[in-house]
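All residue numbers in this chain count up from 1 along the given sequence. As the structure is a computational prediction, the values presented were derived from the model and not from experiment.
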Amino acid sequence: MKKIQIATVTLILKADYSINSCPLQTQWRRFHALSAYNQQKKANLTLQCLWRARVARKELRKLRMAARETGALKEAKDKLEKRVEELTWRLDFEKHLRIDLEEAKGQEIAKLQNALHEMQGQLDEAHATITHEKEAAKIAIEQAPPVIKEVPVVDNTKVEQLTNQNQELEGEVRELKKRMQEFEQKYSDVQTESRARLKEVEESQLRATQLQEAIERLELNLTNLESENQVLRQQALAASTSEDLSEEMEIVKSKITTLQSENEFLRNQKVIVEQITSPEQVSPQMKNLDNGHEIYHGCPTEDEYQATKVEQQTTKESGPLGSLLTKQRSLTDRQQENHDVLIKCLMEDKKFDKSRPVAACIVYKALLQWRSFEAEKTHVFDRIIHTIRSSIESQENIKDLAYWLSTTATLVFLLQSTIKASNAPAASQRNRTSPATLFGRMAQGFRASSISMGTSSGYSGMDGKPDTRSKIEAKYPALLFKQHLTACVEKIYGMIRDSLKKEISQLLNLCIQAPRSARVRQIRGSSKSIHSNIVAKQQASSIHWQSIVNSLDHTLGILSENYVPSIITRKIFSQIFSFINVQLFNSLLLRRECCSFSNGEYVKAGLQELEQWCIRATDQFAGSSWEELQHIRQAVGFLVLHQKPHKSLEEITNELCTVLSIPQIYRIGTMFWDDKYGTQGLSPEVIGKMRALMAEDSINLPNNSFLLDADSSIPFTMEEISRSFPDISLSDVEPPALLRQRSDFHFLLQSTD
């Protein structure tokens, strides 16, 4: 039974499998066909997309080529439009000129016609009067009685007399011509003689000047001998307690009297010297100094030989006189050595102490201590000026120029507040009341020096302290030193100003016209990309203005680091801003492509950068620099002004462009073109009024130009600088180590005001 059951079950299962296998096979075939269809469809879609992409690329390439061609055409169109605008502007201008000329010609023709009508009326009146007179004359002739005419007899004697007189006059004219020729010959001879005599006079004057120079050399040597003898006299009187020294002083007196007699003999023997000396001997090599003195290099003269002879005789003397002379020579050597040390300090010690240039303060204190301002003749001033000039000659570094500007300005201020010009009448009176003899003058000088023992008339070893509160009566070398320092201040000021002008002028040509990249065009894309593109272009266009601002900041930093007086800094930047105003304004008037709306916006943005710099620099350093840009500010404001056709001439001249003249406003108004909004410029009525005013002004002022001129003068005086200079205290100035080591400069360590 079990086997039967199993067989039946298997049969049943086979029947079920055969029944169920047919739908499964159909489903599988359906699925297989559907998948093959989907794969084929996907492959077809992929091929179609690739083909369309290829076709689209070809079309895009063609469109790009067409776009490039259209861009080039558009640029050419823009150029042609600009050219057409320029030609139309010139055509309008020529039309206006022709209309004006035709109007003027019409007026002249009308005037001439009126004059012609008047002349015609006068001519008719004259004809009428003539005819009337003729009729009256005919009536008078008819009514008049007959007249018997007499025939005159001609006399030939008068004619002969007149011909004789004419011949006589012709003879006199010939004689006068001969005399004129003789006078001309004599005049030429006299002129040649006068030229020869003039040459002789010039040669004699040259010889006289040479002799005068020789006499001055003699007097200079004499003054040197007097100063040496004065030192001998002072030290001898201070140490004379025995009879031996009194005898030696008698010897000195006798030598001084011999020197006086020799000097008088030399002064009285001018003619002899003129005969002996020749031009080759009188013209030695000489070196001109700035204070008017001269150093002669050549063969020694007679007075120099005598001076050396006297000096040799005095050195041969035994006892204290020889030692005194050697001491005087050592003092002179110490003086020269101290001058060298001071010049070395001026050249090398370039530092500041509490906003004060140390070198200027030390030089001033040294000159004050040595009483160089009261000296009649000294060479230390010439050496200082020569050192400063050699340091600034062909100097291009602004830092060094700023240091020397601060140093020289400080020195000038200290001299201005310390010295004054000496009183000439008082000096002449003192000279008149002074003793006549050399020994008397030496004694008087010794008495004056013995009264004030706290001060010394020599060079070193001074115990007294100069009184700086009361001004010192300066001599000629000190006053000339002050003038040379003032000239150095002005020269350094001009060098710094011109250097900054040269640096900025290269950028101003790029700042007057907006670059092409700054003109924003419509670009397809997202708003974010458009905004970023605009910002990038604006930053690129403001690079030149930022470079100018960086140059101004750099120069201001250097001037501040070197403590240049604020008034000089203000003057420098005021002239720089005036230079910027002149360059930008003249370029705007001369170039039509700069007188556009977008270019006005570009220049206005750059001027705002300069305004921000003036605010950052404050009034202490900028001063009135922003006010120097009034012309370019008002011109740019006029360019970016909306509704120009509605503005009247009074509103433009009284409210908008108060500084600009009528020719300047007319130039900007006629050259303006709006490349951004396409608006119109000034109305024809306003332009006609300005043209009429310009015609009237051209009659009164034929050379009236609309361009500005640059100012290159020195805009300050030393009195102004001295009034605005801060007070300088010299009490705590620290001297350099080079001077602290020397005993002659210990006065710098003292606390003095």
With salt bridge (Lys or Arg N to Asp or Glu O under 4.0 Å) as the criterion, how do Glu86 and Arg83 come out once you've worked through the C-alpha distance, each side chain's angles and the decisive distance to 0.1 Å? CA-CA 5 Å; Glu86 290 179 358; Arg83 182 64 178 170; 3.7 Å; yes
Is there a donor-acceptor pair under 3.5 Å between the side chain of Ser390 and the backbone N or O of Thr387? yes
Does CD in Glu81 sit with more than 12 non-hydrogen atoms of other residues, nucleotides or ligands closer than 6.0 Å? yes
Do Lys571 and Tyr493 meet the cation-pi criteria used here (NZ or CZ under 6.0 Å from the six-membered ring centre, within 45° of the axis)? no
Within the distance-only criterion (no hydrogens, no angle test), does the side chain of Ser499 pair as donor or acceptor with the backbone N or O of Ile496 below 3.5 angstrom? no
Between Glu393 and Lys491, is the closest basic N to carboxylate O distance under 4.0 Å? yes
Anything under 3.5 Å between a donor and an acceptor, one on a side chain of residues 610-623, the other on a protein residue two or more places apart or in another chain? List them.
unit_1 : atom_1 : unit_2 : atom_2 : d
Trp613 : NE1    : Asp553 : OD1    : 2.5

State whether the side chain of Trp89 and the backbone N or O of Thr670 hold a donor-acceptor pair below 3.5 Å, judged by distance alone. yes
Take Ile568 and Arg570, measure what side chain to side chain contact (heavy atoms under 4.5 Å, CB included) needs, and give me the verdict at the end. CA-CA 5 Å; Ile568 297 179; Arg570 288 196 296 271; over 6 Å; no
Within the side chain of Ser624, is there an N or O that forms a donor-acceptor pair under 3.5 Å with the backbone of Glu627? no
Shortest non-hydrogen separation from Gln664 to Leu589 and the atoms involved: O-CD2, 4.1 Å
When you measure from the side chain of Lys399 to the backbone of Asn562, do you find a donor-acceptor pair of N or O atoms at a distance under 3.5 Å? no
For the backbone of Ile632 and the side chain of Asn581, can you confirm whether one donor and one acceptor N or O come within less than 3.5 Å of each other? yes
Under the salt bridge (Lys or Arg N to Asp or Glu O under 4.0 Å) rule, what do Arg54 and Glu59 come out as? Steps first, then yes or no, please. CA-CA 9 Å; Arg54 184 179 179 185; Glu59 291 180 355; over 6 Å; no
Minimum-distance pair of heavy atoms, taken over all atoms of Ser722 and Gln416: OG-CG, 3.3 Å
Is there side-chain contact between Thr658 and Thr653, with heavy atoms separated by less than 4.5 Å? no
For Arg591, does the CZ atom have more than 12 heavy-atom neighbours from other residues, nucleotides or ligands under 6.0 Å away? yes
Worked check of side chain to side chain contact (heavy atoms under 4.5 Å, CB included) between Leu552 and Ile504: CA-CA 9 Å; Leu552 296 176; Ile504 289 177; 4.0 Å; yes
Can you sort out the partners of Glu348 under salt bridge (Lys or Arg N to Asp or Glu O under 4.0 Å), two or more places apart, ordered by chain and number? none
Can you tell me if Ser406 uses its side chain to pair, donor with acceptor, with the backbone of Ala402 under 3.5 Å? no
Test your reading of the model: is there a side-chain donor-acceptor pair from Gln680 to the backbone of Pro645, 3.5 Å cut-off? no
Checking the side chain of Asp674 only, and the main-chain atoms of Tyr677 only, is there a donor and an acceptor separated by less than 3.5 Å? yes
For a side chain to side chain contact (heavy atoms under 4.5 Å, CB included) check, start with the C-alpha distance between Ile548 and Cys511, then their side-chain angles and the critical distance, and finish with the verdict. CA-CA 10 Å; Ile548 293 177; Cys511 293; 3.8 Å; yes
Close side-chain approach of Phe579 to Leu508, heavy-atom, < 4.5 Å: yes
Between the side chain of Thr407 and the main-chain N/O of Ala360, is any donor-acceptor distance below 3.5 Å? no
Taking the ring centre of each residue, are His544 and Tyr602 less than 6.0 Å apart? no
Atom NZ of Lys604 with >12 non-hydrogen neighbours under 6.0 angstrom: no
Has Lys351 got more than 12 heavy atoms of other residues, nucleotides or ligands less than 6.0 Å from its NZ? yes
Under the side chain to side chain contact (heavy atoms under 4.5 Å, CB included) rule, what do Phe352 and Val358 come out as? Steps first, then yes or no, please. CA-CA 5 Å; Phe352 295 88; Val358 175; 5.6 Å; no
